[in-house]
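Input: a single structure, listed below in structure tokens.
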Amino acid sequence: MSQSSGQDSSRVWLITGTSSGFGKRLATIALARGDRVIATARSLEKLEGFVSGIKPEDRGRLKTAQLDVTEGEEEIKSKIDSMATFWGHIDILVNNAGYGLPGLMEEGGSKLLRRQFETNVFGVMDVTTATLPHLRESKDACVVVVGSRSVWTAEVAGLGHYAASKAAVHAMTEALMTELAPLNIKVLLVQPGGFRTEGIYAQPYFTEHSIPANDPLRAASMARFASVPGSEKGDPDKAAKAIVDVVRGEGVAKGRPWPGYLILGEDAEVNVKNKCAKVLNVLDEWVDVTRGVSFDVPPVHSK
């Protein structure tokens, strides 16, 4: 693939996890809008189908690179520094790579939690810190992090390890919003609901340490997860278009202020509102206890 001219004013996107799902769609739409894309995946073979589907006129603005977000800080930095030489800069980072490992908290324990965090949390952190030196050189930089509405529904049995990892991602992203604002680097936390993407429920339910007392709960949880694929109301193409609109300030985002948060899907909207209402309701009911734990203020005696 030929490199673009140094005079090309289009922005350069670095997107992780582009072999399928949101990553594949974001890369395709960004190219169609005239931008340049560095599409990464754990193996280049997984990108072949994606590349073959790109219009010939867009392929000159596409570069592909192997990147496993669990490879470690030093290896990831070396690879991203190399990617930055494709067009001399990187303007937009999309942390999209991630996956879910369903299982009950007690049965999966810290072993499953570590596996989940390795990709979803530490991978996001390593890719972000490796890319930030290049984003600081951009005049129009942006970090997009794909979180999940699961943070708002962590009480769903079997979702705990994944939700915990995404909750950590949400907290990290909010910290970055503050830390990168003085550098004029915008940050967008995307929180998708259920979308009909490829292989989203491909990981098997964790049953290596089944506890008999959990059999009924596990069976119900496994049945629930098995029933989801194909029933999601979310259209991933529409979601990807909305994300690109926000990043580029056009389409649904034209004339609107930078949101910081982007909740996608009617189910995600309901989840966020329900959890906020639940917490606020408990806060109101227990407000006397909430406020009753401060140091007593000595009475002020009038002279």
Side-chain angles (χ1 to χ4, degrees), residues 10-18 21-23 25-27 29-30 33 35-40 67 69 73 76-77 80 83-84 89-98 117 119-152 163-193 195 239-265 268-269 272 276:
S10 63
R11 297 164 79 187
V12 175
W13 297 59
L14 169 58
I15 308 175
T16 64
T18 55
F22 282 142
R25 290 165 173 83
L26 288 169
I29 295 167
R33 302 273 183 101
D35 284 340
R36 290 167 286 176
V37 171
I38 303 168
T40 74
L67 180 67
V69 301
E73 189 176 12
I76 288 172
K77 184 181 185 308
I80 289 179
M83 294 176 206
H89 60 102
I90 298 172
D91 303 296
I92 302 157
L93 167 65
V94 180
N95 280 302
N96 170 72
F117 269 56
T119 296
N120 292 3
V121 180
F122 303 127
V124 168
M125 192 75 262
D126 288 344
V127 170
T128 301
T129 55
T131 310
L132 278 175
H134 304 289
L135 296 179
R136 280 196 288 269
E137 299 300 318
S138 172
K139 295 180 180 179
D140 195 10
C142 174
V143 176
V144 178
V145 179
V146 179
S148 173
R149 61 84 179 258
S150 298
V151 171
W152 303 90
S165 73
K166 288 299 185 178
V169 167
H170 284 205
M172 283 167 29
T173 305
E174 290 182 316
L176 288 170
M177 289 178 185
T178 300
E179 295 177 13
L180 300 182
L183 306 175
N184 295 316
I185 299 176
K186 292 179 287 191
V187 178
L188 183 67
L189 174 56
V190 182
Q191 300 176 56
F195 283 85
K241 288 177 183 177
I243 295 170
V244 175
D245 278 353
V246 172
V247 172
R248 290 173 55 90
E250 58 193 24
V252 299
K254 187 174 180 60
R256 303 170 80 166
W258 183 259
Y261 303 90
L262 189 62
I263 313 295
L264 295 175
E269 177 192 2
V272 172
C276 288

Strictly distance-based, threshold 3.5 Å: is any side-chain N or O of Arg11 a donor or acceptor partner for the main-chain N or O of Ile92? no
If you take all heavy atoms of Ser148 and His170, which pair is closest and at what distance? N-NE2, 3.2 Å
Gap between atom CD of Glu73 and atom CG of Asp126 - 0.5 Å precision: 5.5 Å
Measuring from atom OG1 of Thr173 to atom CG of Asn95, what distance do you get when rounded to the nearest 0.5 angstrom? 7.5 Å
Flag, side chain of Ser165 to backbone of Phe117, donor-acceptor distance under 3.5 Å: no
Quick one: does Asp245's side chain have a donor or acceptor within less than 3.5 Å of a partner on Val252's backbone? yes
Between the main-chain N or O of Leu188 and the side-chain N or O of Trp258, is there a donor-acceptor pair closer than 3.5 Å? no
Could you walk me through whether Gln191 and Lys166 pass side chain to side chain contact (heavy atoms under 4.5 Å, CB included), step by step? CA-CA 10 Å; Gln191 300 176 56; Lys166 288 299 185 178; over 6 Å; no
Within the structure provided, determine whether Thr119 and Val69 are in side-chain contact (heavy-atom separation under 4.5 Å). yes
Between Leu26 and Val144, does the side chain to side chain contact (heavy atoms under 4.5 Å, CB included) criterion hold? Intermediate values first, please. CA-CA 11 Å; Leu26 288 169; Val144 178; 5.9 Å; no
Criterion side chain to side chain contact (heavy atoms under 4.5 Å, CB included) on Tyr261 and Met177, from CA distance to verdict: CA-CA 10 Å; Tyr261 303 90; Met177 289 178 185; 4.0 Å; yes
Could you tell me the separation between the CH2 atom of Trp13 and the CG atom of Leu93, rounded to the nearest 0.5 Å? 10.5 Å
Ile185: which of Leu132, Leu176, Asp140 passes side chain to side chain contact (heavy atoms under 4.5 Å, CB included): Leu132
Is there a side-chain contact between Leu183 and Leu135 in this structure, where contact means two heavy atoms from C-beta onward sitting under 4.5 Å apart? no
Please report the C-alpha distance between His134 and Met83 in whole Å, then the side-chain angles of each, then the deciding distance to 0.1 Å, and finally whether the side chain to side chain contact (heavy atoms under 4.5 Å, CB included) criterion is met. CA-CA 10 Å; His134 304 289; Met83 294 176 206; over 6 Å; no
Check for a donor-acceptor pair, side chain of Thr40 on one end and backbone N or O of Ile15 on the other, with a separation under 3.5 Å. yes
Gap separating the CZ atom of Arg149 from the CZ atom of Phe195, nearest 0.5 angstrom: 9.5 Å
Considering non-hydrogen atoms only, spot the tightest contact between Gly17 and Asn96 and give its length. O-ND2, 2.9 Å
Indicate the atoms forming the closest heavy-atom contact of Asn120 with Gly98, along with that distance. OD1-CA, 3.3 Å
What closest approach, in Å, do Ala242 and Leu264 show between heavy atoms, and which atom pair accounts for it? CB-CD2, 4.3 Å
What are the two closest heavy atoms between Gly147 and Pro192, and how far apart are they? O-CD, 3.4 Å
Donor-acceptor under 3.5 Å (Lys139 side chain, Asp91 main chain): no
CD1 (Ile80) and OG1 (Thr129) are apart, to the nearest 0.5 Å, by 8.0 Å
Find the distance between CZ (Arg248) and OG (Ser10) and round it off to the nearest 0.5 Å. 8.5 Å
Where Arg33 and Lys241 come nearest, the two heavy atoms and their spacing: NH2-O, 3.8 Å
